[in-house]
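This report refers to the structure that appears directly beneath it.
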Amino acid sequence: MPSSIDFPDRLVLRVIAYELVFLFYPTVPAAAGLVLLRRLTDIWLPTWAIVLLSVCSLPVVHGLSIWRNNWRAARKAARMGAVLPPRLKGRWPSSIDLLMRLTDAFETGFMSDLLWEYMHTIGQAFEVYVLWDSNYVTSDANVVKAILATDFTSFVKGKKFDVCMRSVLGTGVFNSDGDMWKFHRTMTRPFFTRERISHFDLFDRHADDAMAKMKARFAEGYAVDFQDLISRFTLDSATEFLFGQCVDSLASVLPYPHNAPAHLQTASASAAEDFARAFAEAQTVLNFRIRMGWLWPWFELFGSRTKAPMAVVDAFLDPILKAAVERADKIKHENGGKVPEAKEEIDEDETLLDHLVKYTNDPKILHDEVLNIMIAGRDTTAGTLTSAVYFLSQYPEVLRRLREEILEKVGPTRRPTYDDIREMKYLRAFINETLRLYPAVPWNVRYPVKDTTIPRPEPDKPYFIPANTPVSYSVHCMHRRTDYWGPDAEAFDPDRFLDARVQRYLTPNPFIFLPFNAGPRICLGQQFAYNEMSFFVIRLLQHFDEVQLCEDALAPDCRVPDAWRGAPGRKGVERFWAKAHLTLYAKGGLWVKMREAPTSEAV
Ligand code: HEM
């Protein structure tokens, strides 16, 4: 019989039921024991005393069980020749004060700020102990290398991650392990061959639309939210690349700044915009769940918080998926009822979706795969290009050198080719430096499948990590460490990817730079992303020769707090507020004006 409770809600109820049993199970044997005692002896025990003592057994039993777990962990660590990592805990019972501090820092602080501070006082790997639960945190490149590459089979996304993510990511590539993950990767990999990813026609059309849109808005005298614009560009490019059908989000009106006249602040009417908003909202819920640990289902007692945004996302995706399945059915019909065999090489005009339906017509698998690739491919490149344009607005000398390279290699109007992009060393260094300071996936997590250890520099003993405990690693923090990148690690300087610093820092230790992950789960779309981002930057700087950040166009509550000014590192200089759900974005958008290059009219 179909349940009246939807999947995410059922899951939440299951998790809560499990947690309630876990929390209250000691009362049952305690009450039973006390009742037996009353029956078998003359001890006077009124019922209220049995209830009271049974309830009091809870902190005692849980206290003992925590003590036993700690003791066991220490013994296991010793047996494995390891030690326990330093533990960060709060002052209040269950460290709820620490959870509140971390949440506040996440909501109102500079990205990774508080944990960065702890990394410098406690160490580059430590345990955060909140609500009697452990979460290991690290920015140590050797640990990340072990997790992602050398000890890959010991670390998975895992069940707890799956429970958090399932209502949005389903069983797609980001949220699967083992055979399911291999299946997704095998289906998708042929799409990222060099030939497929160097077709620039698609980028060109959408980049042209984006430039025209910006010029028209600048001509009206208003700033443009570049983050919104580039998200439309990547959405249009991604939908065309993946589905063969562009959603034309660039066709609808761009938003005006908050201080533009009210009659211009028209409400959004485009399905693509609703989709983008809902998609971001769902990812924000996922981020909250990860941060809350086992507590998150209690915030969704009255229904999954991803249900409403996912309904919008699905309304957008489902017709596209349905059309692809119908196309595949038609081909099957024309083929005498046989599905054409899925091949490693794919046809010239085949889209990812056309390719996927050769493997399966299961709507759930198709939906999850496509949605995951949309997150992977769209938000990451949009976030990175947003940070890149922010840097262009702050470092005019970098912009000048980039334009110089572009004009020298491609000229003021010609469309760049794959070979042009390969030869443009400064452009690649500029993109890498952007990804270093603002990696699109700033935090990530893995769970060990068994009790294990993570390395520490010799001669220190490794740290012990119990099975199924999250190990969060921060590429964002790792990319800023002065011991990895030198004393100027916080400076924005693309030359560090070109001069002697490469040999000094990066070549001996390549795992210090991991914007695309590493090992078997390395980003499948890395080259596609470099091509797309390079192409867009070239086109942008063929059209414009100056970028100006317009802080007054940004809603006041999204502006960088004055209190940050003068703080050490990037926090003290940044004029945009980087935030992250699953991927990085600028709070409130990135409002800019640009000056048209004298040659741009000919482009
Ligand atoms: C600046 C752009 C990009 C960055 C920084 C980036 C970064 C990453 C990172 C860090 C991961 C690992 C996630 C994890 O294991 O939890 C990943 C995975 C992945 N990325 Fe990208 N990505 C980018 C663009 C793209 C694009 C354009 C596509 C495809 C169109 C893509 C497809 C994928 C896929 C399919 C995976 C899953 C790999 C797996 O789990 O086996 N990415 N990416």
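Read the numbers this way: they start at 1 and go in the same order the structure lists the ligands and their atoms.
Annotation: Phe576 is not in aromatic contact with Phe226 [ring centroid separation under 6.0 Å not met]. The aromatic ring centroids of Phe430 and Phe391 lie 6.0 Å or more from each other. Checked against the 6.0 Å centroid threshold, Phe528 and Phe241 count as a close aromatic pair.
The shortest N or O to N or O distance between Asn444 and ligand 1 is under 3.5 Å.
Looking at Phe174 against ligand 1, only its side chain comes within 4.0 Å, counting heavy atoms.
Asp483 and Gln124 share no side-chain donor-acceptor pair at under 3.5 Å.
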Could you check Lys145 against Leu148 for side-chain contact (heavy atoms from CB on, under 4.5 Å), going step by step and ending with a plain yes or no?
CA-CA 5 Å; Lys145 179 177 171 181; Leu148 299 180; over 6 Å; no
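Under the 6.0 Å distance and 45° angle rule, Arg446 does not count as a cation-pi partner of Tyr473. Annotation: cation-pi geometry satisfied between Arg305 and Phe288 (NZ/CZ under 6.0 angstrom from ring centroid, within 45° of ring axis). In this structure, Arg480 satisfies the cation-pi test against Tyr438, with its NZ or CZ atom closer than 6.0 Å to the six-membered ring centre and inside 45 degrees of the ring normal.
Nearest-heavy-atom check against atom 40 (O) of ligand 1 across Arg378, Glu532, Arg521 picks out Arg521.
The single protein non-hydrogen atom nearest to atom 15 (O) of ligand 1 is Arg446 NH2, 2.8 Å, given as residue, atom name and distance. Protein heavy atom nearest atom 35 (C) of ligand 1, with residue, atom name and distance: Ile373 CD1, 3.7 Å. The closest protein non-hydrogen atom to atom 10 (C) of ligand 1 is Pro515 O, 3.4 Å. In terms of protein heavy-atom proximity, atom 39 (C) of ligand 1 is nearest to Arg185 NH1, 3.3 Å.
Residues satisfying the side-chain contact (heavy atoms from CB on, under 4.5 Å) test with Phe152, not counting sequence neighbours, are Trp181, Pro520, Arg521. In terms of the side-chain contact (heavy atoms from CB on, under 4.5 Å) criterion, residue partners of Phe106 (sequence neighbours excluded) are, by chain and number, Asn287, Arg291. Every residue two or more places apart in sequence or in another chain that forms a side-chain hydrogen bond (donor to acceptor under 3.5 Å, both in side chains) with Tyr390 is listed here: Glu574.
Within the listing of ligand 1, atoms 1 (C) sit less than 4.0 angstrom from a heavy atom of Thr384. Close contacts between ligand 1 and Met533 involve ligand atoms 1 (C) [criterion: under 4.0 Å to a heavy atom]. Remark: ligand 1 atoms within the under-4.0 Å shell around heavy atoms of Lys157 are 14 (C), 15 (O), 16 (O). Atoms of ligand 1 lying under 4.0 Å from at least one heavy atom of Phe528, given by number and element, are 27 (C). Close approach of ligand 1 to Phe192 is summarised as follows: ligand atoms under 4.0 Å from at least one heavy atom of the residue are 29 (C), 30 (C).
Nearest heavy-atom pair across Met292 and Thr103 is CE-OG1, 3.7 Å.
Phe241 does not count as a contact of ligand 1, since none of its heavy atoms falls under 4.0 Å from the ligand. A heavy-atom separation below 4.0 Å is not found between Phe191 and ligand 1.
Around atom 21 (Fe) of ligand 1, protein N, O or S atoms at less than 2.8 Å number 1.
Two residues are said to be in side-chain contact when any heavy atoms from C-beta on lie closer than 4.5 Å; Met119 and Phe126 meet this criterion.
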